[in-house]
Amino acid sequence: MTAEDLDHLVRYEKDPATKIATITLNRPEQLNAPTIGMRLRYAELLHRANIDDDVKVLVIRGAGDDFGTGQDLPEFMEAVRSDDGLLREVQLEGTDVRYPPKRNFRHGATTTQAWFTDPRGGCRTLQEFKKISIVEVKGYCYGWHFYQAGDADLVISSDDALFGHAAFRYAGAAPRMWWWAHTMGLRKFQEMVFTGRPFTAAEMAELGFINSVVPREQLEAEVAKYASACANNRSTDVIFMQKTFFEVMKQQQGEYMGSLISGMLESMAGYGRPDASEQTTDEAIDKGLSKAVKDFDSRFPPEWRLSKKGRAAPE
């Protein structure tokens, strides 16, 4: 994938007059699922905006009908199954570095630690961002996109949004649950984890996870209102100080420690033995994700299904 391709798939714009920048995930035909390259590009753009004196507020949104459904899982699993595909994750592809071999603990742990803890990996990068971040959510907000909503300073959502993670049904085991438990509250987050059901925008607003919920046709205007207010309030230096305060507060609450634990547990997920009735990640990939989600969704009440079509179907 060329740099031009990545620029198209992860669009970046800034307005020095307003000091508002925007990152748009532009892969709507794949529900904005980021490839490895897209995610690394996203981290690079966050670093750029973090330093740029022309930027005070960053808006993150998705093109099309949805914010997104998480990472490009087939691409990631293909990299996992190959001998050196994971060198892309650690940004060493094309070098003479030999990636730790399969059936070696470091084969998984090297990538999961980079994924869950290193801001260069594009997963928890917003945790170390010293400007104001606003995530605009619509439709699906699953997986990696749910991480971004959890890590952002403000979340503005359309009233039709759904929040959750595939790991709570079929892919992975212990993503960065620590911070979601803090931002949602432990009891309700455990409900999401153990039932696997997505939560609606109204439910997430009631939990204090979302700042504002509006009809979809009002979403962009609502985000613009918040972005303008933040940009016109205090100076960029004051925001830097405020964000440092909140970062210290989050670390006192164990955010980074939780990410480290996630990296360790996820690296050992392959040692777990699935139940006979459980759908594994490999089975979901081999079957095709759309069909796998549909088939597995049918076990649950319509309002607890992940897919929009499944939720609309009769029980």
Side-chain angles (χ1 to χ4, degrees), residues 1-16 18-27 32-63 67-68 71-72 76 86-95 110-136 143-155 176 179 227 230-231 235-248 250-251 255-256 259-260 262-263:
M1 190 175 290
T2 67
E4 290 77 13
D5 291 333
L6 290 174
D7 285 343
H8 173 72
L9 292 170
V10 188
R11 298 203 313 261
Y12 180 73
E13 301 169 295
K14 70 172 183 178
D15 182 349
T18 63
K19 293 203 168 188
I20 298 172
T22 304
I23 290 178
T24 303
L25 304 166
N26 186 33
R27 204 185 179 208
N32 293 320
T35 63
I36 294 172
M38 285 175 64
R39 186 163 31 78
L40 297 178
R41 173 63 172 161
Y42 172 80
E44 178 187 327
L45 290 172
L46 284 179
H47 176 64
R48 178 191 299 185
N50 200 35
I51 302 301
D52 193 346
D53 199 49
D54 284 340
V55 177
K56 185 187 293 188
V57 178
L58 176 66
V59 174
I60 301 161
R61 56 169 45 113
F67 183 40
Q71 70 170 328
D72 188 325
F76 180 74
L86 290 175
L87 285 174
R88 274 179 287 165
E89 276 286 357
V90 291
Q91 303 180 58
L92 291 172
E93 188 176 29
T95 69
T110 297
T111 293
T112 55
Q113 290 296 336
W115 169 263
F116 287 111
T117 65
D118 190 339
R120 294 174 298 176
C123 182
R124 65 173 292 277
T125 317
L126 279 178
Q127 286 287 353
E128 300 185 15
F129 189 61
K130 294 298 194 299
K131 308 289 180 65
I132 297 171
S133 59
I134 302 174
V135 162
E136 175 188 290
W144 178 87
H145 298 80
F146 190 25
Y147 290 133
Q148 306 318 302
D151 292 343
D153 297 312
L154 303 175
V155 179
R176 287 178 52 229
W179 197 242
C230 292
S235 70
T236 310
D237 278 354
V238 168
I239 291 168
F240 189 103
M241 297 173 196
Q242 292 169 335
K243 289 297 297 280
T244 300
F245 174 89
F246 289 128
E247 184 174 1
V248 172
K250 289 177 181 181
Q251 298 321 315
E255 180 277 323
Y256 184 74
S259 298
L260 281 171
S262 288

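Only this structure's heavy atoms are used, side chains among them; waters, hydrogens and symmetry mates stay out. Counting begins at 1 with the first residue of the sequence.
- Using modelled atom types, one side-chain atom of Arg39 and one backbone atom of Gly121 make a donor-acceptor pair closer than 3.5 Å.
- Side-chain contact between Pro34 and Tyr42 is absent, with no heavy-atom pair separated by less than 4.5 Å.
- Rounded to the nearest 0.5 Å, atoms CG (Asn32) and CH2 (Trp144) are 9.0 Å apart.
- Comment: Arg41 engages Glu44 in a salt bridge, judged by a side-chain N to carboxylate O separation of less than 4.0 angstrom.
- Just one residue in the list Lys14, Lys130, Lys131 forms a salt bridge (charged side-chain N to carboxylate O under 4.0 Å, His left out) with Asp52, and that residue is Lys14.
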Task: Stepwise side-chain contact (heavy atoms from CB on, under 4.5 Å) check, Lys56 with Ile20 - done: CA-CA 6 Å; Lys56 185 187 293 188; Ile20 298 172; over 6 Å; no
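- Considering all non-hydrogen atoms of both residues, Val135 and Ala152 come closest at CG2-CB, 3.6 Å.
- Between the side chain of Ser133 and the backbone N or O of Asp153 there is at least one donor-acceptor pair closer than 3.5 Å.
- No side-chain donor-acceptor contact under 3.5 Å links Asp7 to the backbone of Glu4.
- No side-chain heavy atom of Lys19 sits less than 4.5 Å from a side-chain heavy atom of Val55.
- Nearest heavy atom pair, residue Pro119 against residue Thr125, reads O-OG1, 2.6 Å.
- Not one N or O on the side chain of Asn26 forms a donor-acceptor pair closer than 3.5 Å with the backbone of Val10.
- Contact record, Val57 with Cys230: CG2-CB, 3.8 Å, taken as the closest heavy-atom pair.
- Results of the side chain to side chain contact (heavy atoms under 4.5 Å, CB included) test with Tyr12 over Leu46, Leu45, Thr24 single out Leu45 as the only residue that passes.
- Here the CE atom belonging to Met38 is positioned 8.0 Å from the CG atom belonging to Leu6, to the nearest 0.5 angstrom.
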Open item on the list: With side-chain contact (heavy atoms from CB on, under 4.5 Å) as the criterion, how do Val90 and Thr110 come out once you've worked through the C-alpha distance, each side chain's angles and the decisive distance to 0.1 Å?
Closed with: CA-CA 8 Å; Val90 291; Thr110 297; 4.1 Å; yes
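- Between the CD atom of Glu128 and the CZ atom of Arg120 there is a distance of 10.5 Å, given to the nearest 0.5 Å.
- Scanning all heavy atoms of the two residues, the minimum distance from Glu89 to Leu40 falls at O-CD2, 4.1 Å.
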TODO: I would like to know whether Gln71 and Trp115 meet side-chain contact (heavy atoms from CB on, under 4.5 Å); could you show each step before the answer?
DONE: CA-CA 11 Å; Gln71 70 170 328; Trp115 169 263; 3.8 Å; yes
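- Within the 4.5 Å cutoff, no side-chain heavy atoms of Leu126 are placed close to those of Tyr147.
- Interatomic distance, Glu255 CD to Asp151 CG, rounded to the nearest 0.5 Å: 6.5 Å.
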- [ ] Dump the intermediate steps for side chain to side chain donor-acceptor pair (under 3.5 Å) on Ser259 and Arg176, then the final yes or no.
- [x] CA-CA 6 Å; Ser259 298; Arg176 287 178 52 229; 3.0 Å; yes
Task: Evaluation steps, side-chain contact (heavy atoms from CB on, under 4.5 Å), between Arg61 and Ile134 - done: CA-CA 9 Å; Arg61 56 169 45 113; Ile134 302 174; over 6 Å; no
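- The minimum heavy-atom distance between Val155 and Ala149, with the atom names listed, is CG2-O, 3.3 Å.
- Using modelled atom types, no side-chain atom of Asp72 and backbone atom of Ile36 make a donor-acceptor pair closer than 3.5 Å.
- Going from atom CZ of Arg124 over to atom CZ of Phe116 covers 12.0 Å, rounded to the nearest 0.5 Å.
- Interatomic distance, His8 NE2 to Arg27 CZ, rounded to the nearest 0.5 Å: 11.0 Å.
- Within the 4.5 Å cutoff, side-chain heavy atoms of Tyr256 are placed close to those of Thr117.
- Phe76 pairs by the ring pair (Phe, Tyr, Trp, His ring centres under 6.0 Å) definition with nothing, not counting sequence neighbours.
- Between the side chain of His145 and the main chain of Gly62, no donor-acceptor pair closer than 3.5 Å is present.
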